[in-house]
Chemist: 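Okay, handing you the structure first.
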Protein chains: 2
Amino acid sequence: MTEPKVRPQRSDWQRNHKRLVTVAAALVARDGAQVSLEEIAREAGVGSATLHRHFPSRHALLEEVFQDSVAHLRWRAGELADKDPRTALLTWLEELTVAAASTRGLAAALDAADNTAPYSHTCHGIVREATEDLMSRALRVAAIRPGVPPDDLITLVQAISQATEGDPPAAGRLLRLALEGIRHR
Amino acid sequence: MTEPKVRPQRSDWQRNHKRLVTVAAALVARDGAQVSLEEIAREAGVGSATLHRHFPSRHALLEEVFQDSVAHLRWRAGELADKDPRTALLTWLEELTVAAASTRGLAAALDAADNTAPYSHTCHGIVREATEDLMSRALRVAAIRPGVPPDDLITLVQAISQATEGDPPAAGRLLRLALEGIRHR
DNA sequence: CTACGATATGGGGCGTCCCTCCACTTTGCC
DNA sequence: GGCAAAGTGGAGGGACGCCCCATATCGTAG
């Protein structure tokens, strides 16, 4: 179940796959999620058909490019789970938002999109899982008000990080504003 | 000062200009802000060069397409100014957000972008003005906490409406979440 | 080590897009 | 009615995403 692959891919397939992901990571970091797919193929020394065969959509490529980053964020959520639930959730959300605003393309990779892959292996799915986890802990000690759908919170984070891509301080400010509200206390 | 035009445009210029804006409004409403400019020109019965001559960028076109919608929103802000400042601000922000999420392309038109036009005539500038107005009233009666930059609030609205384009209820939910915060009271 | 079938590749072609050039037409004024 | 200025549009350059299919490469079985 963790390895339902019927057959391991050929060596040249693996080589090209790795090259594509590596090059894509570099170019997305430089130019953002909208970088030309043809340029990625060119830079990787591969025909454009090969790129499209390996990744049926731009999103599928981004998904793999940011797999590690998201895994690290997920791990960080687990680490925070020891702390006070309110702080844990707020810290996690802020770190997530700032990371997504600092790392070009990451915000786009977090889109729910039309995922064919098993949900829990997508960037969006992993982040959602972590958020739900920390939210339920915070809810249990009444650190946050009930009735907030996790998906809304994630959409909010995604919206903010996409709007502030390239300006991490702004991302942090906007997230804190959204979490604190605007009311006078 | 309201009419610094040196020379009134020729009649065919005006005719084409109007046609372009009208057609663009229809196609943007149907396909979103990313609609093909060539298709707009084709549908309007003009060469693509004419479109580019009238509107140096996609944003400039959107700017004019949504001029009326934004003017109406601005007027609405003035109308709300009579009410209780807190309610006025919250109502305005929600109406703005929902409108931007309901009207395809409007969220994109609200981008600050690289505006060459006088700031107060752009969609972004008009909305900013209205928001600042209502915010300062709310601040005066301590209905909102101080230290929130108007631009942050506008960016937030813009981010939410772009992320929820086509789903107005979600837009409303996300905005209220962001204005109320997540804390338990 | 060789031969062979399955697997994978890539160049090139198609349709689309944005944008600009320039020969041409339309307009408005004398 | 004629003429300069203003405006037009179609063609074409450069780039892109995506797909087809003739070719090359890989892994294995003999």
Side-chain angles (χ1 to χ4, degrees), chain A residues 3-28 30-65 104-105 108-109 111 113-114 116, chain B residues 3-28 30-65 104-105 108-109 111 113-114 116:
Chain A
E3 281 300 332
K5 283 181 168 60
V6 189
R7 212 176 345 81
Q9 266 81 356
R10 254 168 55 168
S11 66
D12 52 348
W13 190 96
Q14 293 179 8
R15 178 165 35 84
N16 284 335
H17 202 78
K18 184 159 290 185
R19 282 182 69 88
L20 280 169
V21 173
T22 305
V23 169
L27 294 192
V28 167
R30 197 192 63 189
D31 299 339
Q34 290 309 311
V35 63
S36 152
L37 297 180
E38 299 230 320
E39 186 176 357
I40 293 173
R42 230 178 295 133
E43 193 76 15
V46 152
S48 60
T50 297
L51 185 149
H52 287 284
R53 230 177 277 113
H54 281 247
F55 305 98
S57 71
R58 180 183 296 273
H59 190 83
L61 177 56
L62 291 176
E63 198 78 52
E64 207 159 317
V65 163
R104 301 203 73 177
D111 264 333
D114 33 84
T116 61
Chain B
E3 281 300 331
K5 281 182 169 57
V6 189
R7 214 178 339 84
Q9 266 79 357
R10 255 167 55 167
S11 66
D12 54 347
W13 190 96
Q14 293 180 9
R15 178 167 34 84
N16 285 334
H17 202 79
K18 185 158 291 186
R19 282 182 69 87
L20 280 169
V21 173
T22 305
V23 169
L27 294 193
V28 167
R30 197 191 63 188
D31 298 339
Q34 290 309 312
V35 62
S36 152
L37 297 179
E38 298 224 318
E39 187 176 356
I40 293 174
R42 230 178 296 134
E43 194 76 13
V46 298
S48 60
T50 297
L51 184 149
H52 288 284
R53 231 177 276 112
H54 281 246
F55 305 98
S57 70
R58 178 182 296 273
H59 191 82
L61 177 55
L62 291 176
E63 199 77 54
E64 207 159 318
V65 163
R104 302 203 71 176
D111 264 332
D114 32 83
T116 60

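Labels below follow one simple rule: chain letters A, B, ... track the order of the sequence lines, proteins then strands, and each chain is numbered from 1.
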Chemist: Under 4.0 Å between a side-chain N or O of B:R53 and OP1 or OP2 of D:dG7?
Modeler: no
Chemist: Using a cut-off of under 3.5 Å, enumerate the N/O to N/O pairs linking the protein to nucleotides 14-17 of chain C.
Modeler:
unit_1: C:dC17; atom_1: OP2; unit_2: B:R42; atom_2: NH2; d: 3.3

Chemist: From CD of B:Q14 over to P of C:dT26, roughly how many Å is that when rounded to an integer?
Modeler: 18 Å
Chemist: Name all pairs fulfilling the salt bridge (Lys or Arg N to Asp or Glu O under 4.0 Å) condition that reach into residues 8-17 of chain A, sequence neighbours left out, sorted by first residue then second.
Modeler: A:R10-A:D12
Chemist: How would you summarise protein contacts on nucleotides 22-30 of chain D per nucleotide, using B for base, S for sugar-phosphate only and - for none, with heavy-atom distances below 4.0 Å?
Modeler: ---BSS---
Chemist: Give me the bend of the helix from C:dC1-D:dG30 to C:dC30-D:dG1, using the axes of the five pairs at each end, rounded to 10°.
Modeler: 10°
Chemist: Under the salt bridge (Lys or Arg N to Asp or Glu O under 4.0 Å) definition, can you give me all pairs with a residue in residues 38-58 of chain A, not counting sequence neighbours?
Modeler: A:R30-A:E39
Chemist: Can you tell which of D:dC18, C:dC21, C:dT9 lies closest to the side chain of A:S48?
Modeler: D:dC18
Chemist: Tell me which residues in residues 16-27 of chain B put a heavy atom below 4.0 Å from DNA chain C, sorted by number, or none.
Modeler: none
Chemist: Which atom pair, heavy atoms only, marks the closest approach of B:S48 to B:A41?
Modeler: CA-CB, 3.9 Å
Chemist: Between A:I40 (CD1) and D:dC16 (P), how many Å, whole number?
Modeler: 11 Å
Chemist: What distance do A:E63 atom CD and A:D111 atom CG have between them, rounded to the nearest 0.5 Å?
Modeler: 10.0 Å
Chemist: Respond yes when some side-chain nitrogen or oxygen of A:H52 is under 4.0 Å from OP1 or OP2 of C:dG10, and no when none is.
Modeler: no
